[in-house]
Structure formats: C-alpha cells, structure tokens
There are 2 protein chains.
Amino acid sequence: MSPSAVTINDVARAAGVSKSLVSLTLNDRPGVKSETRERILQTAKELGWTPNPGARGLTTRRAYALGLVLRREPRTIEVDPFFAAFIAGVETVLSERGNVLVLTVVPDAAAEERAYARLAADKRVDGFLLTDLLAEDARIPLIERLGSFAVSLGAPPGGSPFPVISRDYDSGIDELVAHLVGLGHHRIAHVSGDERMLHGLRRRERFEEAARAAGLEPVVVPTDFSPEQGASATAALLDGEDRPTAIVYGNDPMAIAGMGVAHERGLDLPGELSVTGLDGSHIGSFVYPSLTTLDNDPAGFGLAAATALLRLVEDGEAADVALPPARLVVRASTAPPAR
Amino acid sequence: MSPSAVTINDVARAAGVSKSLVSLTLNDRPGVKSETRERILQTAKELGWTPNPGARGLTTRRAYALGLVLRREPRTIEVDPFFAAFIAGVETVLSERGNVLVLTVVPDAAAEERAYARLAADKRVDGFLLTDLLAEDARIPLIERLGSFAVSLGAPPGGSPFPVISRDYDSGIDELVAHLVGLGHHRIAHVSGDERMLHGLRRRERFEEAARAAGLEPVVVPTDFSPEQGASATAALLDGEDRPTAIVYGNDPMAIAGMGVAHERGLDLPGELSVTGLDGSHIGSFVYPSLTTLDNDPAGFGLAAATALLRLVEDGEAADVALPPARLVVRASTAPPAR
DNA sequence: TTGAAAGCGGTACCAA
DNA sequence: TTGGTACCGCTTTCAA
C-alpha cells in the first residue's frame with residue numbers, strides 16, 4: 001500500500017542478485033560489473049526504491065538531516081524576513097542530496113541547550129546551522145562537546161573550529177553612511193540591534209567608524225532588534241534635543257516601526273527625516289516611503305551554509321565561505337535634509 | 001565521546017537485565033516488576049540513555065517526526081508572519097513527546113508533490129501538517145495514496161478523511177464590517193487574497209455577505225496575498241471612480257503595502273481612508289496608523305494541529321478541533337470617513 | 001565480481 | 001516476570 005513498502009531485498013530479488021550488490025551499486029562503490037550495476041539501477045528505478053535513511057543511518061551513523069534551532073521570545077515570536085529565504089536556500093542543497101532539515105523553535109536558552117543536546121544524542125541530525133551568532137556563543141563549545149558538527153553565519157571573534165559563512169557588510173555600511181552624508185546629513189543616528197549578537201555589534205561599530213571618518217559624532221541607541229524597541233528608540237531620538245536628520249536602523253522591521261513613529265509626530269518623510277533599514281526585506285519596498293536599505297542574500301547564505309555543513313559531515317572538513325558584499329539599495333526614504 | 005554512544009545494551013548490562021526488559025520499561029509496558037522497573041529507569045537516567053529513534057522506527061515503522069511542506073514563490077519568498085508562531089506551537093507538543101519537525105520549502109507544485117512523496121516513502125515523517133489549504137487540494141488525495149497521515153488547517157469543502165483544525169473567522173468578519181459601517185462607511189472594498197486558497201475564498205464570500213446584509217454593494221479586488229498585488233489593487237481602487245472610504249485587506253502585509261500607496265497619493269489615513277488587515281501581525285501595531293485587524297492564534301493552531309496529528313498517527317483516529325473565534329482588534333487605522 | 005553473514009539499536013514474540 | 005532470539009532495512013566485512 002504505502003509505496004515505500006519496497007526494500008532492498010525486493011530489489012535484490014527482482015534483479016536476481018544479493019543485497020550486498022544492490023547496496024554497493026547504490027552507493028557508487030567499485031567492484032560491481034557494469035552490466036549488473038545497470039540492471040540493478042534499472043530495477044531499483046522500476047520498483048521506485050529509495051533506501052530508508054533510518055536503517056541506513058544505523059550502520060553509517062548518519063541522520064541524513066541537518067538541524068536549525070531558532071531561539072525566539074514567545075511574547076513576540078515572529079521570525080525575521082531573513083529565514084524563509086534562508087531555509088529555501090538550504091533546501092535546494094538538501095533535497096538533491098537526500099537530506100532533510102529539522103527545525104526547532106525554542107523560547108529560551110535552557111530549552112535551546114536541551115534541543116541541541118537532544119537532537120545530537122538521538123542522532124536526529126548530523127550537524128547544525130548556527131544563525132544569530134552571539135559574541136561569546138555558548139553553542140559552539142556545546143556542539144563540540146556533543147561531538148556534532150556546525151557551520152556559523154558570521155565569524156565568532158574567539159575563532160571557531162567550524163566553517164564560517166560570512167558576507168562583507170562593512171563596505172555596505174560605509175556606502176550607506178556616504179550616501180547620507182552625500183545628501184547633506186550631519187546628524188545621523190543609528191538604532192542598533194541587539195549588541196550581544198555579532199551582526200548587531202559589528203554593524204554598530206562600523207557605523208561609528210564610518211560616521212567619525214566623515215567627521216560626524218555618531219549617536220547610537222541600542223535595541224533588541226524588535227519593532228517595539230525600534231519604535232521607542234525613535235521616539236527618544238525625535239523627542240530629544242538635536243534631533244537627527246537621518247536614522248539608520250539595524251533592520252527593516254525596526255525601520256518600518258520607526259517610520260510609524262515619525263509619521264505619528266507629523267514629520268514629512270524623507271524631507272524632515274531620512275530613514276534606512278538594513279538586511280533589505282520584501283515588505284520594505286512597499287511601505288511609504290519605500291525603504292532605502294542594504295540588501296542581503298538569505299538564499300545564498302542558506303545554500304553556502306548547507307553545502308559547507310554537508311561537506312564537513314561527509315569529509316570531516318570544509319572551507320570557510322565569503323559571500324559577495326552587501327549592496328546599497330537606494331529607494332525613497334532617503335533625501336537631502338529640508339533645511 | 002558523543003554522549004549518545006550509550007545504547008540499550010549498555011543500560012541492560014548496567015542494570016543486570018536483558019534488553020527486552022529495558023525496552024518494555026521504557027515503553028511503559030506491563031509485565032515488569034516494579035523494583036526492576038525502578039532500577040532500569042534509574043540506570044537509564046544515570047547513563048543518560050535515550051532510545052535512538054531511527055533504530056526504533058525500524059520495527060515500529062514510525063519516524064517520530066511530522067512534516068511541514070511550504071510552497072512559496074522563489075521570487076518573493078517571505079513567509080507570512082503566521083508561520084513562526086505556528087511552528088513554535090507545534091514544537092511545544094513535539095518536543096515533550098520526543099518528536100521532531102521536518103520542514104521543507106519548495107518553489108512549485110511539482111517540487112511539492114515530490115517532497116511529500118519522498119518524505120513519506122523514506123519514512124522521514126509519520127504525517128503532514130497541511131496549511132494554505134486550497135479549495136480542491138490535491139495534497140489530500142496524494143497523502144492518502146502515499147499511505148500517510150495529515151491534519152489540515154481549515155475544512156476542505158469536499159470533506160477530508162483527515163482531522164480538521166478550524167477557527168471561526170466568519171463572525172470576526174461580520175464584526176469588522178459592522179465596525180466600519182458603524183463608523184459611517186458606505187463604500188467598503190475588499191482586497192481579497194488568493195481565492196484558490198480556502199481562507200482567501202471564505203473571507204471574500206463572508207465579506208460580501210456581510211456587506212450586502214448591511215445594504216452595501218461589495219467591491220472586491222482579488223490578489224495572490226502578496227504585498228505587490230496588495231499595492232496594485234489599492235492603486236486601482238484609489239484611482240477608479242467611486243473611491244472606497246474603507247478597504248479591508250486579506251492580510252496585514254497587503255494592508256501595509258496598501259497604506260504605502262495611499263500615503264504616496266497624499267491621502268490622510270484614517271481620515272480619508274480607513275484600512276484594516278486580517279490575521280493580525282506583530283508589525284501591524286507599529287505602522288502608522290496602527291492597523292485595525294482580526295487577530296489570529298498561530299501558536300494555538302500549531303498546538304492543536306500537532307496534538308491531533310500525533311493522536312491520529314498513534315491511535316489511528318483523532319477528532320476535529322474548533323479553536324475560539326477570531327476577535328476584532330481595533331487600532332488607529334479605522335475612523336469615520338471625513339466627508 | 002559475487003553472496004553469506006554479522007551487526008547497527010531497537011521491538012516483539014515465545015519459552016522458561 | 002524474565003531472557004533469548006528473530007527481525008526491521010541497510011552497510012560492511014569476509015570468503016568464495
């Protein structure tokens with residue numbers, strides 16, 4: 001009934017050979033006469049047989065699966081625009097290699113640790129994709145201790161035993177600041193994301209460097225990357241003295257929330273306030289004014305990360321990957337300051 | 001090294017019993033003296049043993065995993081705000097029962113069918129969570145044919161052999177229309193979502209009924225649920241004659257895009273145009289004006305769906321579930337028409 | 001180049 | 001209440 005009732009034995013019998021030969025053939029191993037090999041491949045296809053990963057893993061000690069554990073506040077669980085495309089990128093690699101993605105969403109650090117430990121111990125996955133990297137990320141030593149593998153999006157400052165997939169965002173931030181300065185802005189603020197996160201911190205640092213290099217005194221309001229805090233940071237900036245004429249937000253959702261606050265106060269955007277996001281999202285092109293931002297390539301990240309991780313799992317080693325640098329996407333939310 | 005090097009044999013040896021007893025104990029089966037049972041449980045805990053799902057599944061014919069296949073246009077892959085919380089809800093159920101979620105994102109119908117077939121044939125999952133239900137959804141007969149299980153979010157009109165998780169949205173739409181009518185709106189339009197999708201169609205139908213019941217002539221512009229089409233539908237409505245004073249969008253992202261278009265045309269919101277979303281998203285409270293919408297409970301859906309599906313897989317049957325009705329969330333984007 | 005048999009980590013049946 | 005053993009589907013020696 002269930003189409004997969006067919007096993008290696010069925011194939012062996014139908015092809016008139018032993019299980020061993022079927023196994024050797026399927027795994028592209030030498031030592032099978034090419035006629036036999038053809039016949040086996042043929043009948044396997046006819047029967048629609050595909051090896052059972054569970055049974056296979058019992059001897060190969062593989063799960064043929066990769067894990068992604070997302071930690072998100074239950075209060076405001078809503079995943080960044082980044083992830084759908086990231087997962088789709090991962091998927092393109094996995095599906096053509098018979099692997100699968102195991103996704104887990106956890107509410108806090110304790111549950112997170114349990115999730116990694118459980119997935120590794122039960123051999124549910126062969127390795128992990130590490131996103132939202134923290135400066136001192138406990139997951140890296142944890143995964144080492146668990147005897148599993150990983151790749152990280154971004155390079156941990158302390159170094160990592162695992163491959164790193166990175167993308168130059170610094171030059172994009174330079175460009176973005178130059179763009180604003182070129183428009184005539186002198187008071188530029190940055191509503192930064194969670195600075196315990198590597199990309200939040202790095203963006204903040206680079207923003208400050210770029211601003212100073214342009215002779216400006218950088219103003220930074222740190223947040224946790226949530227729209228809420230993006231909104232309150234904006235309110236603080238707009239209600240304070242020396243109101244900025246441009247605000248660079250750590251991500252698009254915060255920029256959108258910030259625009260809401262500015263509109264609420266009756267400001268004309270971008271005339272009285274220029275805003276930019278970061279990590280360009282789809283919805284960013286449809287708000288008013290449409291959002292200037294730095295693009296990102298979540299699918300590219302997913303593809304590179306999955307490829308490297310699979311390679312690490314299979315060959316025991318894999319190289320770091322550097323993706324093409326982020327690019328500036330100029331839309332309608334930035335303009336010369338009206339003054 | 002890897003903590004899970006410990007197997008049932010290790011536990012049996014350490015407890016001084018046979019594998020069989022360990023297995024019986026772990027599966028809460030009768031016929032084990034309670035002292036022995038205690039001793040086994042104790043040593044299992046000490047050794048940190050947890051049964052290997054792959055090996056287990058070999059005889060039980062279970063994967064101890066559920067599947068979620070998402071079909072998304074590669075062009076504009078960005079997943080609805082619904083999914084993160086939905087998955088988190090699923091997770092709460094799965095994690096405490098030693099199950100896991102396998103997530104797949106596919107670009108088109110062909111890949112989708114392959115994904116279901118593969119997941120089922122390879123016994124990677126015991127059943128599927130069906131979201132974004134279509135009016136005539138080919139996935140239901142497909143999954144039956146594959147000999148697997150499913151639960152669907154929403155009730156297929158043709159009926160379904162699988163449990164249905166549903167939530168009354170009709171009364172919410174009635175409330176929403178009544179809210180607008182109460183404010184004094186006479187020309188209310190609906191930018192509907194993809195009408196091949198069950199919830200898109202149902203919302204449209206109910207909107208029309210509610211409008212007619214209030215003595216209004218409903219205007220509907222169908223879309224595919226994307227912000228793009230939300231934007232272009234809005235442009236068409238605003239530029240046409242007999243411009244509506246209120247627009248009900250099929251989801252929040254379209255409403256946000258629509259507000260962008262209205263702002264771009266210099267309209268004052270909500271004075272000159274009231275707008276509402278549907279399926280309340282987090283970001284919707286931070287745009288300007290903050291979005292009136294109908295709430296949703298993605299986590300509740302996830303919890304109910306996973307519970308029912310697991311029950312179906314284990315007991316061969318599970319009842320339908322009706323979640324509490326959607327409620328109106330009135331925020332700042334709706335007001336009396338200025339005229 | 002091929003087949004037989006053992007073993008991976010469990011479950012299930014049967015006899016003790 | 002217990003232990004022995006066959007077996008799940010596949011990979012991997014090892015002999016033939």
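Below, each value reflects all heavy atoms present in this structure, side chains not excepted, and no hydrogens, waters or symmetry copies. Here the structure is a predicted model, which means the values were calculated and not measured. The sequence lines fix the lettering, A, B, ..., with proteins before strands; numbering per chain opens at 1.
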Task: Options C/dG3, C/dG10, D/dC10, nucleotide nearest the side-chain atoms of A/Ser18 - done: C/dG3
Task: A/Thr59 side chain near C/dC8 phosphate (N/O to OP1/OP2, under 4.0 Å) - done: no
- [ ] Consider the side chain of A/Arg56, meaning its heavy atoms from C-beta on, and name the nucleotide among D/dG9, C/dG10, D/dT11 that approaches it most closely.
- [x] D/dT11
- [ ] Would you tell me if any nitrogen or oxygen in the side chain of B/Ser23 comes within less than 4.0 Å of OP1 or OP2 on C/dT11?
- [x] yes
- [ ] Please check the phosphate of D/dT1 (OP1 and OP2 only) for any side-chain N or O of B/Arg37 closer than 4.0 Å.
- [x] no
Task: Test side-chain hydrogen bond (donor to acceptor under 3.5 Å, both in side chains) applied to A/Asp132 and A/Arg196, A/Arg72, A/Arg71, the passing residue - done: A/Arg72
Open item on the list: From the set D/dT2, C/dC8, D/dG9, return the single nucleotide nearest to any side-chain atom of A/Ala55.
Closed with: D/dG9
Task: Separation of D/dC10 C1' from B/Lys123 NZ (nearest whole Å) - done: 17 Å
Task: Residue A/Leu21, side-chain heavy atoms: nucleotide from D/dC10, C/dT2, C/dG9 that is nearest - done: C/dT2
- [ ] Would you tell me if any nitrogen or oxygen in the side chain of B/Arg29 comes within less than 4.0 Å of OP1 or OP2 on C/dA12?
- [x] yes
Open item on the list: Does any part of the side chain of A/Thr104, heavy atoms only, come nearer than 4.5 Å to the side chain of B/Ser95, both counted from C-beta?
Closed with: no
Task: Distance, rounded to the nearest Å, where B/Ile8 contributes CD1 and C/dA12 contributes C1' - done: 12 Å
Task: B/Glu314/B/Arg97 salt bridge by N-O under 4.0 Å criterion - done: yes
Task: Heavy-atom closest contact (A/Ala115 atom, A/Val106 atom, distance) - done: CB-CG1, 4.0 Å
Open item on the list: I need the CZ-P distance between A/Arg13 and D/dG9, as an integer number of Å.
Closed with: 11 Å
TODO: Classify the nucleic acid contact of B/Val17 as base, sugar-phosphate or nothing, counting any heavy atom under 4.0 Å across all strands shown.
DONE: sugar-phosphate
Task: Value in whole Å for how far the C1' atom of C/dA5 lies from CG of A/Asn9 - done: 13 Å
Open item on the list: Nearest to the A/Thr60 side chain among D/dT2, D/dG9, D/dT11, which nucleotide is it?
Closed with: D/dT11
Open item on the list: Between B/Asp137 and B/Arg139, does any side-chain N to carboxylate O distance fall below 4.0 Å?
Closed with: yes
Task: Nearest-angstrom distance from the residue atom CG of B/Asn52 to P of D/dC8 - done: 18 Å
Open item on the list: C/dG9, OP1 or OP2 - any side-chain N/O from B/Trp49 closer than 4.0 Å?
Closed with: no
Task: Interatomic distance where NZ belongs to B/Lys19 and C1' belongs to C/dG9 [whole Å] - done: 7 Å
- [ ] From the options C/dG9, C/dT2, D/dT11, select the nucleotide whose nearest atom is closest to the side chain of B/Thr7.
- [x] C/dG9
Task: Closest listed nucleotide, where the reference is the side chain of A/Lys33 and the choices are D/dT11, C/dT1, C/dG9 - done: C/dT1
- [ ] Could you tell me whether the phosphate oxygens of C/dT11, OP1 or OP2, come under 4.0 Å of any side-chain nitrogen or oxygen in B/Asn27?
- [x] yes
Task: Integer-rounded Å distance: C/dA12 P and B/Asp28 CG - done: 13 Å
Task: Pairwise 5' ranking along DNA chain C for A/Leu24 and A/Leu58, keeping only the more 5' one - done: A/Leu24
TODO: Specify the separation, in whole Å, of atom CD of B/Glu35 and atom P of D/dT1.
DONE: 11 Å
- [ ] Return the nearest nucleotide to the side chain of A/Ser20; candidates are D/dT2, C/dA5, C/dC8.
- [x] C/dA5
- [ ] Consider only side-chain N and O atoms of B/Glu38 and B/Gln42, and report whether a donor and an acceptor are under 3.5 Å apart.
- [x] no
